[in-house]
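What you see is a predicted model, and the numbers here were worked out from it, not measured in a lab.
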Amino acid sequence: PQFLRGLVEVGARVFGIADAPVHALPEDVKRHLHAYLQVPKILDEDDVIARATQWLRGRDIDKVIANWEPVMLLAARLNERWGITGPGILSVDTTRGFRDKRLMKERVESKGLRTPRSARVTTAEQARDAARSFGFPIVIKPIAGAKNTAMSSRRRSYCPAARAAT
């Protein structure tokens, strides 16, 4: 709410887009919005882009800002779709580099910096194979997550097969 208030105080007209009904928004948020679009699912990027493009047709938009990390890629896609560039505007490719942990690691390594051993896994079997290969302790992180959400660590295996392999 304070960020939103600050934008309005410097003259910005703020158009909000989210999947919450307008009546569920805090009063200090509603008070500072110029207009609001409720979408069915904020993480359905293609649908949000189509709806936002239709809704904002004919309006000049200077910048799309995400105030929640999971929608940073959506903001980047909207900026690119509408041809918005300039200072502080991250491209889709740059945003992916921040959101996708494996891609981030590859980019850091390409600059000659060391990173911990890792593997991208999508199944439990792949995770067990990686644990066998690396040994314990291990850290398990989501490919795209924020603030350590869904992250865990293991000092030893809870799986007899993985324990036997290490």
Worksheet entry | Interatomic distance, R102 atom CZ to E106 atom CD [nearest 0.5 angstrom] | 4.5 Å

Fill in: Exam field: side chain R117 to backbone F134, donor-acceptor pair closer than 3.5 Å
yes

Worksheet entry | L90 reachable from I84 in the ILVMFWY side-chain graph, under 4.5 Å edges | no

Worksheet item: For residues R5 and Q2, is any side-chain donor paired with an opposing acceptor at under 3.5 Å?
Response: yes

Worksheet item: How many angstroms lie between atom CG of L113 and atom OG1 of T115, to the nearest 0.5 angstrom?
Response: 9.0 Å

Discussion item. Salt bridge (Lys or Arg N to Asp or Glu O under 4.0 Å) for E27 and K30? Distances and angles first, verdict last.
Written reply: CA-CA 5 Å; E27 286 303 319; K30 285 192 278 193; 2.9 Å; yes

Fill in: Considering all heavy atoms, the nearest W82-V64 contact
CZ3-CG2, 3.6 Å

Worksheet entry | Sub-4.5 Å side-chain heavy-atom contact between V92 and L73 | yes

Item to complete: Dump the intermediate steps for side chain to side chain contact (heavy atoms under 4.5 Å, CB included) on R99 and E69, then the final yes or no.
Response: CA-CA 8 Å; R99 295 286 302 140; E69 191 172 344; 3.0 Å; yes

Worksheet item: Should V22 and L4 be regarded as members of a common hydrophobic cluster, given that ILVMFWY residues are connected when their side-chain heavy atoms come within less than 4.5 Å of each other, either directly or indirectly?
Response: yes

Discussion item. Would R51 and D44 count as a salt bridge (Lys or Arg N to Asp or Glu O under 4.0 Å) here? Give the steps.
Written reply: CA-CA 11 Å; R51 289 172 188 269; D44 183 347; over 6 Å; no

Discussion item. Ignoring hydrogens, what is the shortest heavy-atom contact between A131 and I138? Give both atom names and the distance.
Written reply: CB-CD1, 4.0 Å

Worksheet item: Which heavy atom in A18 sits nearest to a heavy atom in I42, and how many Å separate them?
Response: CA-CD1, 3.9 Å

Discussion item. Ignoring hydrogens, what is the shortest heavy-atom contact between Q38 and P21? Give both atom names and the distance.
Written reply: OE1-CA, 3.3 Å

Worksheet, complete the sentence: Here the gap from L103 atom CG to R96 atom CZ, rounded to the nearest 0.5 Å, amounts to 9.0 Å

Worksheet item: Honestly curious: do M72 and L74 fall in one hydrophobic cluster under the side-chain, below-4.5 Å linking rule?
Response: no

Worksheet entry | Side-chain ion pair, D93 and R107, N-O less than 4.0 Å | yes

Practice prompt. Verify the cluster assignment for I89 and V48: are they in a single hydrophobic cluster under the rule of side-chain heavy atoms below 4.5 Å apart?
Written response: yes

Fill in: Side-chain donor or acceptor of K101 paired with backbone N/O of R120 under 3.5 Å
no

Discussion item. Tell me if a side-chain donor or acceptor on S133 pairs with a main-chain N or O of D129 at a distance below 3.5 Å.
Written reply: no

Worksheet entry | Heavy-atom closest contact (D19 atom, P40 atom, distance) | CB-O, 3.7 Å

Item to complete: Write down the atom of I65, the atom of A75, and the distance for their closest heavy-atom approach.
Response: C-CB, 4.4 Å

Practice prompt. Please round to the nearest 0.5 Å and tell me the distance separating atom CD1 of I49 and atom CZ of R81.
Written response: 6.5 Å

Item to complete: Kindly work out whether a path of hydrophobic side-chain contacts (I/L/V/M/F/W/Y, heavy atoms less than 4.5 Å apart) joins V14 to L78.
Response: no

